[in-house]
Protein chains: 2
Amino acid sequence: MVKITDVARNAGVSPSTVSYALSGKRPISEETRRRVEAAVRELGYRPHASARALAGSRSNVLALVIPLRTGIHVPVVTQFAVSVVTAARRYDHDVLLLTQEEGEDGLRRVADTALVDALIVMDVQLHDPRLPLLRSLDRPSVLIGFPREAAGLTCVDLDFRAAGELCVERLAGLGHRVVALVGSPPEVYVRGTAFAQRVVQGFTAAADRCGLASRVHPCEATPAAARRVAERLLREQPALTGVVVHNEAVLEPLIDAFEQLGLRVPGDLSITAICPDETAAALRVPVTSVALPSAELGERAVDLLLRKLTGAEVPEATLLTPHLTNRASTAPRDAP
Amino acid sequence: MVKITDVARNAGVSPSTVSYALSGKRPISEETRRRVEAAVRELGYRPHASARALAGSRSNVLALVIPLRTGIHVPVVTQFAVSVVTAARRYDHDVLLLTQEEGEDGLRRVADTALVDALIVMDVQLHDPRLPLLRSLDRPSVLIGFPREAAGLTCVDLDFRAAGELCVERLAGLGHRVVALVGSPPEVYVRGTAFAQRVVQGFTAAADRCGLASRVHPCEATPAAARRVAERLLREQPALTGVVVHNEAVLEPLIDAFEQLGLRVPGDLSITAICPDETAAALRVPVTSVALPSAELGERAVDLLLRKLTGAEVPEATLLTPHLTNRASTAPRDAP
DNA sequence: GCGGGACGTCGAAGCGCTTCGATGGAGGAA
DNA sequence: TTCCTCCATCGAAGCGCTTCGACGTCCCGC
């Protein structure tokens, strides 16, 4: 292994000069810096990560805690993780992967052992047991999602309330008067996942504001459940012409079910959804949707975290504005 | 931060004794060990990861390189990653997440800086540019998948050839005489992804051995492509009654297409697939399938890697035996 | 021509841990 | 009792880096 003393010898300077030349933390003459850089290249020098971390008390590693639960759409998690890694690398940081399974102990462990400098926590619940811990850690963190009590924490998320509103408003703008929300599986609401509830709030608020008749239906992530929900909707709201779907997994089966029940999309029924763009676009009937910007979310989280690491103040709440993309699943309501 | 000297003082021993008491690398009296452990608990001591890594020249971190490409099924990657993390934790190791995007430089970087002790590389190609690098690194690695030239490397994978054979043999055993393989997207074969080609080999070999007429069709991961392939199959092999699918994404659309073309599954057409069990079981028509044991794969990779880290010899090739689960998509061929 | 800043570089200390060789004391054999 | 062995523990060195204070050296202004 080639170390900083080797580089120093080769360049004819002291180890500390090499360190300063590479970090730029003190002025070094042009000439010396060039010699150091040449020596680094010639010897293929790579600073030893642990030595650097120990001396500098910065590991340049971020922790990423990913969820394992049911009802969380996997591709979203993966895309998010990838974008976090990519963004972190831009700041010369690496990412340590933790599963939610390890829970609070895992967070405490990587923080207390100084394995990581900072943490990103996904899938935050409304009353998340990790919140007090995160507040008490001596390391900054960023949460994906909003807990009920977010004071003292930095949170990032899509503005799900606005997303729910946007979906309804689009339907209202197309003349639909009776709408329904097909939501996440019941357990998602039961355990108080914030974003799911926010969609419901936005949906309901916008429907009321626009004077629409509306109902909300949680839905298991299976084709059979989709079918049942479709049947139930038509039974309970015979005049239904607009549906908002916040449940990637049942989007396709739901459309199938509606069509098998004799309703054409978008002829008889318009559908808007909150889901990743790729999902919406790949369906048999491409669906008008509000994108779930997981990549952007990951980048924002990393940006915020690194600003916190430099000691900068960052906003406690960052809500990404939802954007709706028109596709083939929406049409104006037929004149009555 | 509480450090080893604090524990030592509290327990009335020297720091080295604390170290030995905790690592067990030298005999320590029962009595002393208890005092040390009590002090550790009382003070909440956690060894500093970087200091430990620097002194012990072991970081206790594994690198996991995950693929980002098209044609790789995302949930499989995620499940694999989760199982790697979980298995690594059992050995008191953590996992650093790298994307394939960083390429060889990324591997070299984490190895040369001693950020990680060992590496797990997913999605290995037949002629993978990373192979020479992995051989030359001073750190052990395990590959998921088999390159053409695997000498000197440790590889783990499902036995995809046997999986392909198994699918065909099941169809043959049910009396089917004309079969087809609907495979991965063309680019997967073009870039030489080993597992995809192995399925083709197994499929073809078993079909020949059983005296079946057979064809192979790559297929893009879109419903439209599935539809086209279904039409083409019926045109080119009018007597077709058995289909093997190695492409999670088109499984459902393919079945839809067949049924729309007037073929019932399994009445007129039997289908076997190679895909994760959850996918197979969740379909409208649950599909008889060979499981893609991503969790087991992750565990095996970690087990092998940790054995290598202890200096043990491990087999170069580990092929997991495929298992086929009967579901609703297969039936005996009608008497002619 | 001399004092005083800058500027560029050096040396040493120290980050928190592991590990090696050394040490002391207890216990057994003679 | 003496000597030797073995066991448990200690002290010091060192892992490779960063960082702080100190030390020239050069140049400018008076």
Side-chain angles (χ1 to χ4, degrees), chain A residues 1-37 39-40 43-61 92 109-117 138 309, chain B residues 1-37 39-40 43-61 92 109-117 138 309:
Chain A
M1 155 164 228
V2 29
K3 30 196 180 180
I4 200 171
T5 50
D6 300 325
V7 176
R9 195 175 324 112
N10 183 297
V13 296
S14 76
S16 54
T17 300
V18 173
S19 179
Y20 287 125
L22 294 179
S23 74
K25 294 193 178 170
R26 279 200 186 176
I28 294 289
S29 70
E30 191 57 24
E31 148 76 5
T32 304
R33 221 205 24 252
R34 250 197 294 276
R35 280 218 313 285
V36 169
E37 281 163 3
V40 165
L43 304 179
Y45 169 69
R46 300 276 201 168
H48 189 289
S50 306
R52 187 207 273 271
L54 179 57
S57 50
R58 292 284 249 91
S59 70
N60 277 29
V61 176
D92 200 31
R109 181 175 62 81
V110 295
D112 286 355
T113 61
L115 232 190
V116 305
D117 295 332
D138 53 341
L309 278 173
Chain B
M1 154 165 229
V2 27
K3 31 195 178 180
I4 201 171
T5 50
D6 300 326
V7 176
R9 194 175 324 114
N10 184 297
V13 296
S14 76
S16 54
T17 300
V18 174
S19 179
Y20 287 124
L22 295 179
S23 72
K25 294 192 179 172
R26 278 198 187 178
I28 293 289
S29 71
E30 191 57 26
E31 149 74 5
T32 304
R33 220 203 29 249
R34 249 197 296 277
R35 280 218 314 285
V36 169
E37 280 163 3
V40 165
L43 304 179
Y45 169 68
R46 299 276 201 169
H48 188 288
S50 306
R52 187 207 273 269
L54 180 58
S57 51
R58 293 283 250 93
S59 69
N60 277 29
V61 175
D92 201 32
R109 181 176 61 82
V110 295
D112 287 354
T113 60
L115 231 189
V116 305
D117 295 333
D138 54 339
L309 279 173

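Each chain gets a letter, A, B and so on, in the order the sequences are listed, and its residues count up from 1. Predicted model, so just to flag it, every value in this text is computed and none were measured.
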Closest nucleotide among dT18(D), dT19(D), dT9(D) to the Thr32(B) side chain:
dT9(D)
Closest to the Leu54(A) side chain: dC17(C), dG16(D), dC17(D)?
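So the side chain of Leu54(A) is nearest to dG16(D).
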Between Pro27(A) and Ser16(A), who's closer to the 5' end of DNA chain C by nearest nucleotide?
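Checking each residue's closest nucleotide, the 5'-ward one belongs to Pro27(A).
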Find the distance [X]:[atom1] to [N]:[atom2] and express it as a whole number of Å.
X: Lys25(B); N: dT9(D); atom1: NZ; atom2: P; result: 18 Å
X: Arg58(A); N: dT19(D); atom1: CZ; atom2: P; result: 10 Å
X: Arg34(A); N: dT9(C); atom1: CZ; atom2: P; result: 12 Å
X: Arg33(B); N: dC7(D); atom1: CZ; atom2: C1'; result: 15 Å
X: Met1(A); N: dC17(D); atom1: CE; atom2: C1'; result: 10 Å
X: Asn60(B); N: dT18(C); atom1: CG; atom2: P; result: 11 Å
X: Glu30(B); N: dT9(D); atom1: CD; atom2: C1'; result: 16 Å
X: Arg52(B); N: dG14(D); atom1: CZ; atom2: C1'; result: 18 Å

Using the salt bridge (Lys or Arg N to Asp or Glu O under 4.0 Å) definition, which of the options Glu37(A), Glu30(A), Glu31(A) pairs with Arg34(A)?
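The option that passes is Glu30(A).
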Check the phosphate of [N] against [X], side-chain N and O only, distance under 4.0 Å to OP1 or OP2. Yes or no?
X: Thr5(A); N: dG16(D); result: no
X: Ser19(B); N: dT18(C); result: yes
X: Thr17(B); N: dC10(D); result: yes
X: Ser29(B); N: dA8(D); result: no

Judged by each residue's nearest nucleotide on DNA chain D, which is more toward the 5′ side, Ala55(A) or Val18(B)?
Val18(B)
Whichever of Val13(B) and Arg26(A) has its nearest DNA chain D nucleotide further upstream toward 5'
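Final value for this comparison: Val13(B).
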Give the minimum heavy-atom separation between His48(B) and Ala114(A), together with the two atoms involved.
NE2-CB, 3.5 Å
Is any side-chain N or O of Ser14(A) under 3.5 Å from a base N or O of dG11(C), one able to act as donor and the other as acceptor?
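Side chain to base: no pair below 3.5 Å.
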Any N or O donor-acceptor pair linking the side chain of Tyr20(A) to the base of dC17(D) at under 3.5 Å?
no
Are any of the side-chain heavy atoms of Val61(A) and Leu115(A) separated by less than 4.5 Å?
no
Leu22(B) vs Tyr45(B) side-chain heavy atoms within contact, under 4.5 Å:
yes
Has the side chain of Arg35(B) got a donor or acceptor atom that lies under 3.5 Å from a matching backbone atom of Ala11(B)?
yes
